[in-house]
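Protein chains get the first letters and strands the later ones, always in sequence-line order, with residue 1 at the start of each. These figures come from a predicted structure and were not determined experimentally.
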There are 2 protein chains.
Amino acid sequence: MCNQLLKLKIMKDFLTEIEFVGLTSRLKRLSDALLYSTKELYKSEGLDIEPNWNLIFILLQENEAMTITEISEKLQFSHPAVVKIINKMKKNGHVETKTDDQDKRRQILTLTEKAHRQLPLFEKYWTAGRQTVMDLLEDSPNFLEEFLKIEEKVNQSDYKERTLKNLKNDKLSN
Amino acid sequence: MCNQLLKLKIMKDFLTEIEFVGLTSRLKRLSDALLYSTKELYKSEGLDIEPNWNLIFILLQENEAMTITEISEKLQFSHPAVVKIINKMKKNGHVETKTDDQDKRRQILTLTEKAHRQLPLFEKYWTAGRQTVMDLLEDSPNFLEEFLKIEEKVNQSDYKERTLKNLKNDKLSN
DNA sequence: TATATTTGTGTAACCAGTTACTTAAATTGA
DNA sequence: TCAATTTAAGTAACTGGTTACACAAATATA
C-alpha cells in the first residue's frame, strides 16, 4: 500500500521539460486524449455516432447537399479520409448518396430522415462538448488566436521546408 | 488555366469558423501535418530515423539504461506504443536490449555503438527542427504556457467527464 | 509456505488519419 | 472531333497512436 502512494507522486512531464522539442508529440498526445475521451463518451451514453461526424452534420445542414471533394476541401482533410467517414455514416443510416445527373463522377451526399430525427439529441451532446472546450480554454485567452497563427505559418511553409532552410543557415554560419 | 487560378482562391478555414467545435480536429490536423512533414524530411535526406526517435535518444543519453515501462511513464505514452517504437529502433540497430538479472521481466534498453556514432549527424537535424518550432512560435508568446494549462486541465478531468457534467447542468437549468 | 495480487512486457485488433495508385467521367485544345 | 489532360471518387497499404487481453515473474499476504 505504501507502494501505491509512491506511484501517485507527480512526475514532471518530460515532453514539457524539453520545451520546443516536445511540442509536436504533445500536440498529438492532447489530440488523442480528446479523441479517445469523446469516443468513450458516446459509447458510454449509447450514442451511435463518432467524434468527427458533427462536422459533417453541420456542413450538410448548412448546405443541404455536398460532394466528397467539397467536404474534403472545407475540412482540409484528404479525400480518402472523407470517404471513410461518409462510408461509416452511410452504414449507420445517417447519410445517403446519389450520383449527380449532370456529372456522373460526383456523389451527392445528403442527411437521411433518421439523421434529421436524431439531430436534436446529438445537438445536446455537441453543445455540452463545446462548453467543455470553452472551459478548457478559459484560462488561455490567447490560445485560439495564437494557434491560428501557427497553423497559418505551417500552411505557408511546412516543417520540412523550414527545417531544411534552418539546416542550410546553420551550415553557412559555421 | 483560368480554372487553375480559381482553385487558388483562399478558402476560409471551416474548422476555424466554427470556433470551439473545430478545435479538436485542428489539433489533430496540425499534429499530423508536423508528423508527415518530419517523415518526409528524414526520407528526402536519406536519414534512417523516424519522428519520435529523438525522444528515446535523449532519454537513453540522459539515463544510459531504461526499461519500457520507465520510458512510457516519462513520455506518458501507453506501453505498447513504446514497445513498437523500440522494436523499430532495435531492427534499425540503434537500440539493444538485455533481460535484467535481478528481475527477469524487465528489458534493459541501451543505445548501440552505431547509435552513438550517428548521433552527431542526427543532432544537426534535431537542432534545425527545434529552431523550426521556435520560429513557428515566434508570434505566439503565450502559446506554450497556455497549452500547458489546457493539458493540465485535461489531466485533471478529461473531456468525457467534463462533458457529462455540462450535460447534467444543462438539464438542471432547463 | 502457498496462494493471491501486482507488475513488466508482448500481442492483437482497432482507429483516424495519411500517401500512392486506379478508374471512369468530364473538359480542354489541336 | 478525337486525343490528351484534369477531376471525382474509391481502394490499398501504411502510420503512430490506442485499448483489451495474455502470460510469466515478482511481491504481498494469509
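At whole-Å resolution of the value, CG in A/Leu34 and C1' in C/dA16 are 14 Å apart. In this structure, B/Leu41 places its CG atom 20 Å from P of C/dT18, rounding to the nearest Å. Nucleotide D/dA8 holds its C1' atom 13 Å from the CD1 atom of A/Ile71, rounded to whole Å. If you measure from atom CZ of A/Phe77 to atom P of C/dT19, you get 13 Å, rounded to the nearest angstrom. Rounded to whole angstrom, the span from the CG atom of A/Asp100 across to the P atom of D/dA9 amounts to 9 Å. Atom C1' of nucleotide D/dG16 and atom CD1 of B/Ile86 are separated by 14 Å, given to the nearest angstrom. For A/Gln76 and C/dT19, the CD to C1' distance is 18 Å, given to the nearest whole Å. With rounding to whole Å, A/Asp101 atom CG is found 16 Å from D/dA8 atom C1'.
Remark: B/Arg162 pairs with no residue by the side-chain hydrogen bond (donor to acceptor under 3.5 Å, both in side chains) rule, at least two apart or across chains. With sequence neighbours excluded, the residues forming a side chain to side chain contact (heavy atoms under 4.5 Å, CB included) with B/Lys149 are A/Asp139, A/Ser140, B/Glu145, listed by chain and number. Every residue two or more places apart in sequence or in another chain was checked for a ring-ring contact (aromatic ring centres under 6.0 Å, His included) with B/Tyr42, and none qualifies. The side-chain hydrogen bond (donor to acceptor under 3.5 Å, both in side chains) check on B/Thr163 picks up A/Thr132, with sequence neighbours excluded. With sequence neighbours excluded, no residue forms a side-chain hydrogen bond (donor to acceptor under 3.5 Å, both in side chains) with A/Asn87. Every ring-ring contact (aromatic ring centres under 6.0 Å, His included) that A/Phe147 has, sequence neighbours left out, goes to A/Phe143. In this structure, the ring-ring contact (aromatic ring centres under 6.0 Å, His included) partners of B/Phe122, at least two apart in sequence or on a different chain, are B/Phe57, B/His94, B/Trp126.
Of the possible polar contacts, one joining the A/Asp158 side chain to the A/Glu161 backbone as a donor-acceptor pair under 3.5 Å is found.
Nearest-nucleotide positions on DNA chain D place B/Ile85 closer to the 5' end than the other of A/Lys43 and B/Ile85.
Across all strands shown, B/Thr69 has heavy atoms under 4.0 Å from sugar-phosphate atoms exclusively, and none from any base.
Within the structure, every side-chain polar atom (N or O) of A/Ser78 is placed at least 4.0 Å from both OP1 and OP2 of C/dT19.
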Each nucleotide in nucleotides 10-15 of chain D should get exactly one letter: B, S or -. Can you fill that in based on protein heavy atoms under 4.0 Å?
BB-B-S
Provide a list of protein-nucleic acid N or O atom pairs under 3.5 angstrom, restricted to nucleotides 23-25 of chain C.
from	atom 1	to	atom 2	distance (Å)
C/dA25	N3	A/Arg105	NH1	3.4

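The two residues A/Thr99 and A/Lys104 come nearest to each other via the heavy atoms CG2-O, 3.3 Å.
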